[in-house]
Amino acid sequence: MPAGERAIQSRFRHIVVATELSYNKRHTASLTNSLPCIPTSSNRKSHLMRTSQLQLSTTKESPADAEVISHQLMLRAGMIRRLSAGLYTWMPLGLRVLRKIEKIVREEMDAAGAAELLMPAVQPAELWQESGRWGQFGPELLRLQDRHNRDYCVGPTHEEVITDIARRDLRSYKQLPVNYYQIQTKFRDEVRPRFGVMRSREFIMKDAYSFHASPESLQQTFDDMYQAYSNIFSRMHLKFRAVEADSGAIGGSGSMEFHVLADSGEDAIAYSTGSDYAANLEKAEAVCTESRAEPLQEMTLVDTPDTKTIQALVDNFDLPIDRTIKTLICHASEACDAELVALLVRGDHQLNEVKANNHPMVATPLCFASEQEIRNAIGAGPGSLGPVKLPIPVIADRTVAAMSDFGAGANVDDKHYFGINWNRDVELGEVADLRNIEPGDPSPDGSGELQILRGIEVGHIFQLGDKYSTAMNATVLDENGRDVVMSMGCYGIGVTRVAAAAIEQNNDDNGIIWPVPIAPFEVVIVPINMRRSDALKEAAGQLYSDLKSAGVDVLLDDRDSRPGVMFADMELIGIPMRIVISDKGLAKGAVEFKGRTDDAATDVELGGIVDFVRARLAELSG
RNA sequence: CGGGGCAUAGCGCAGCCUGGUAGCGCAUCUGCUUUGGGAGCAGAGGGUCGCAGGUUCGAAUCCUGCUGCCCCGACCA
């Protein structure tokens, strides 16, 4: 038996054992620890939700391989359990969060006029061959065969299936526009799954696809989706930003990403302090408002031994870093006569590889030249390169074009030119935006300056155009009775990723701090020593029932643990509000209320606690 | 795919160098005590030391191969 199979078997064996144990435990508990008496006749549907029913299982320590805080907290809180690389079980507590996220997404998608459907997770290869993606998609696409050796894939996305639906069902322009959506499990065989459900292989996504007879109609639905997405993330109480994105290989015009802001986010976002402008760092335009100063220095050739880096140049020759130039050599596109092309950015700036890749003179995909290729073409190695007497085409960043009296390699090993000036010493040829923006750069829309935030991409809307509809011949008849290819938009939200992103954004030393709209419960009742007091049991049950009747999503911690354990657990799993009920409090007719982020608890009269909670909820829910 | 690391009880780890009865903390179970911020004491259960070979009287430990996982990089809606 292969080792993997045995591991799986032994894992299952363990699960069976655990289930038996917990069954026995629950069984015994229900015998020995009779539950609070709840009036059910008036309220049969809203059953009692107790921590014991949730099978809550928290830990103090997190597994060593959990890197990011959301992954650690989700494991510690018992929201998820890992089955295998990039594959997670959503435990009862975590599933409640997912369901709340899905509910908000559904409501807003429905309100925006989209229609929910559900497509198969497994898709036949024929469709992907038709769109051309069977060959394009790399190992990310999980391919499999059925018993007849027919090829299938587990869908990483559903453009092909939905386009097939559209071409079968849509006949006339009169039926357009339509916007279909689904909430589905997707699979992408990520090179390196990590960060828990943030970048897992299997994940739940809301994806929507719209079909149109005109660009105006596509733009309208795109705008509607922009609004719907803004509503969705606002309703979840997440701090987010919509940013312009590079549309990448998929093409199309409009492309906006929605990012949940968090310091730990994987993506950098540039935003203007003076306007609504925001863009993915890959896309954010670096403008140069300075004009070139007149030359003050003569160009001189200087011996610069052991000076292979910008930093060494700055240190050894007292040259300000903003008067140095980095010369990067990459493969040229067919549009150039040469094999190689040089990219120039200022010494303290970073090359933006997406921008470079998009330049017509640069080979796609971007490929840096090897040292040998550089030596063959230029006669000097990296570290001594510069624009003067360079035998290959040059593209200068906009900022570089505005520099004067600067230093750069002389294309001779261990020599640099200082005091270089454009046009006088070397022709300034092609100029383009090649670099990443830096904090403090002027905003490209002219108002304010740019700063950088980090974000987690949770949504992406873009206008696909006719890529799939043309490839798959999805047409309708127009007013003139002629076939027209429909244009498409597509709109995704990473449902499982939203849960993780919310935690990245909202946590403290004690655990998760759920925004109320997506918290697994809104409020938890923590009875102190309930087992010993029938009166307390009764009161806790009554309070639960009252809150439930008032429409509050409430959890009762019936575990009869020590108070400290219950407090710590409820803070770890991030319930926004906590009511402590005890004999001591009941004696004075009060319970104790504490919001998750409150500094201290406050006493509230028992008779008024339901209204108090509702008021607090209204406040927190906006 | 390149580089590095790890694999010992459910979780977190020690033991390995220098081969000789497999340990610690948390968790679990039992009993007693305790009961408003992750309780105390006493006891118990739980391990083919990732897998397969090899060396050896003897392997968690040394050697070889394999597998899985993690990190960095490259890649990626």
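Chain naming here is simple, since letters A, B, ... match the order of the sequence lines and numbering starts at 1 in each.
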Open item on the list: If I take atom CD1 in residue A/Ile528 and atom C1' in nucleotide B/rU34, what distance separates them, rounded to the nearest angstrom?
Closed with: 15 Å
Task: Separation between the C1' atoms of B/rA74 and B/rG37, rounded to whole Å - done: 48 Å
Task: Salt-bridge present (A/Glu282, A/Lys355; N to O < 4.0 Å) - done: no
Task: Nearest-Å distance once atom P is located in both B/rU28 and B/rU18 - done: 41 Å
TODO: Would you mind telling me which of B/rC70, B/rC71, B/rG37 lies closest to the side-chain atoms of A/Phe567?
DONE: B/rG37
Task: Sidechain N-carboxylate O distance under 4.0 Å for A/Arg201, A/Asp189 - done: yes
Open item on the list: What is the distance, to the nearest angstrom, from the CD atom on A/Glu257 to the P atom on B/rC76?
Closed with: 14 Å
- [ ] Check whether the ring centres of A/Tyr209 and A/Tyr181 lie less than 6.0 Å apart, and answer yes or no.
- [x] no
Open item on the list: If I pick the P atom on B/rU30 and the same atom on B/rG19, what distance separates them, to the nearest angstrom?
Closed with: 44 Å
TODO: Could you please name the partner base of B/rG73, counting Watson-Crick and G-U wobble pairs only when both distances are under 3.5 Å?
DONE: B/rC1
Open item on the list: If I pick the C1' atom on B/rG46 and the same atom on B/rC6, what distance separates them, to the nearest angstrom?
Closed with: 24 Å
- [ ] Look through every strand shown and name the nucleotide pairing with B/rG68 as Watson-Crick or G-U wobble, where both distances are under 3.5 Å.
- [x] B/rC6
Open item on the list: Side chains of A/Asp583 and A/Ser533: any donor to acceptor distance under 3.5 Å?
Closed with: yes
- [ ] Kindly point out which of B/rG36, B/rG38, B/rC69 is positioned nearest to the side chain of A/Ser84?
- [x] B/rC69
Open item on the list: Need one value for A/Ser582: base, sugar-phosphate or nothing, where a base atom within 4.0 Å counts as base even if backbone is also close, heavy atoms only.
Closed with: base
Task: B/rG20 versus B/rU56 - spacing of their C1' atoms, nearest Å - done: 12 Å
- [ ] Would you please confirm or rule out a distance under 4.0 Å between OP1 or OP2 of B/rG38 and any side-chain N or O of A/Arg562?
- [x] no
TODO: Could you check A/Glu257 against A/Asn280 for side-chain hydrogen bond (donor to acceptor under 3.5 Å, both in side chains), going step by step and ending with a plain yes or no?
DONE: CA-CA 8 Å; A/Glu257 290 172 351; A/Asn280 193 308; 2.8 Å; yes
Open item on the list: Of the options B/rG36, B/rA77, B/rC76, whose atoms approach the side-chain atoms of A/Lys584 most closely?
Closed with: B/rG36
TODO: Give one of base, sugar-phosphate or nothing for A/Glu67, where a contact means two heavy atoms less than 4.0 Å apart.
DONE: sugar-phosphate
Open item on the list: Closest approach to the side chain of A/Glu61, judged atom by atom: which nucleotide of B/rG36, B/rG25, B/rA77 is it?
Closed with: B/rG25
TODO: Counting Watson-Crick and G-U wobble pairs only, both distances under 3.5 Å, name the nucleotide matched with B/rU61, or none.
DONE: none
Open item on the list: Mind checking if A/Met205 touches a base, just sugar-phosphate, or nothing, with heavy atoms under 4.0 Å?
Closed with: base
Task: Atom C1', compared across B/rC41 and B/rA59: separation rounded to whole Å - done: 39 Å
Open item on the list: Distance check needed: B/rC75 P versus A/Arg188 CZ, whole Å only.
Closed with: 18 Å
TODO: For A/Arg76, report the nucleic acid contact type (base, sugar-phosphate, nothing); a contact means any heavy atom under 4.0 Å.
DONE: base
- [ ] Pick the C1' atom in B/rG45 and in B/rG10, then give their distance to the nearest Å.
- [x] 13 Å
Open item on the list: Partner lookup for B/rU18, please. Criteria are Watson-Crick or G-U wobble with both distances under 3.5 angstrom; report none if nothing qualifies.
Closed with: none
Open item on the list: Tell me which nucleotide, if any, is Watson-Crick or G-U wobble paired with B/rC32 when both distances must be under 3.5 Å.
Closed with: B/rG40
Open item on the list: Students often get this wrong, so: under 4.0 angstrom with heavy atoms, is A/Glu592 touching a base, only sugar-phosphate, or nothing?
Closed with: base
TODO: Can you tell me the distance, in whole Å, between the CD atom of A/Glu202 and the C1' atom of B/rA77?
DONE: 17 Å
Task: Euclidean distance for P, B/rA44 against B/rA60 (whole angstrom) - done: 25 Å
TODO: Go through B/rA27, B/rC75, B/rC76 for me and flag the one nearest to the A/Lys60 side chain.
DONE: B/rA27
Open item on the list: Nearest heavy atom decides the nucleotide; on that basis, is A/Met566 or A/Glu140 closer to the 5' end of RNA chain B?
Closed with: A/Met566
Task: Within 45° cone of A/Phe203 ring axis and under 6.0 Å: A/Arg188 NZ or CZ - done: no
Task: Under 3.5 Å donor-acceptor, A/Lys594 side chain and A/Asp598 backbone - done: yes
